[in-house]
Amino acid sequence: FGFQTLHEHHLFPSMPRSKYPKLKPILQKFAEDNNIPGGYRESGEFEIQKMNWDLYKRVAEADAVEGAPYSRGHGQLGAINLGFSPAAGGLTGKLG
């Protein structure tokens, strides 16, 4: 199971994956009965991956949000920029 069971996984993350096929018709009926906008949408794995990459691209290219905390150079990118990550050639042969 993969992207095709994303709804089931996010709604019931502790449910065993083997139960997802039985849950699908229940969720479809729930979406229909409750007029969920878009209903229970299904997409193929590659379509979902493309939609995700398109979203990442839009977010990356979007203007900064006024008042949002500054994030450039912090976190993982900050570690790379400072030479602390293996990607930057840092920490060779050492841990922490």
*Asks:* Which distance, rounded to the nearest 0.5 Å, do you find between the CG of L23 and the CZ of F30?
*Replies:* 11.5 Å

*Asks:* Residues two or more places apart in sequence or in another chain: which of them pass side-chain contact (heavy atoms from CB on, under 4.5 Å) with L55?
*Replies:* R58, V59

*Asks:* Holding to side-chain hydrogen bond (donor to acceptor under 3.5 Å, both in side chains), I want the full list of residues that pass it with K22, two or more places apart in sequence or in another chain.
*Replies:* none

*Asks:* Should we say atom CD of E32 is surrounded by more than 12 heavy atoms from elsewhere, each under 6.0 Å from it?
*Replies:* no

*Asks:* Roughly how far apart are R17 CZ and H9 NE2, rounded to 0.5 Å?
*Replies:* 8.5 Å

*Asks:* Quick one: pull up OH in Y20 and CG in L27 and give me the separation to the nearest 0.5 Å.
*Replies:* 10.5 Å

*Asks:* Looking at residues at least two apart in the chain, or sitting in another chain, which of them share a side-chain hydrogen bond (donor to acceptor under 3.5 Å, both in side chains) with N35?
*Replies:* none

*Asks:* Show me the pairs that pass salt bridge (Lys or Arg N to Asp or Glu O under 4.0 Å) and involve residues 5-14, at least two apart or across chains.
*Replies:* none

*Asks:* Going by ring pair (Phe, Tyr, Trp, His ring centres under 6.0 Å), name the residues that satisfy it together with Y40, two or more places apart in sequence or in a different chain.
*Replies:* H7

*Asks:* Which residues pass the side-chain hydrogen bond (donor to acceptor under 3.5 Å, both in side chains) test with D33, not counting sequence neighbours?
*Replies:* K29

*Asks:* Indicate if I26 and F12 have the same hydrophobic cluster label, given that clusters are the connected sets of ILVMFWY residues with side-chain heavy-atom separations under 4.5 angstrom.
*Replies:* yes

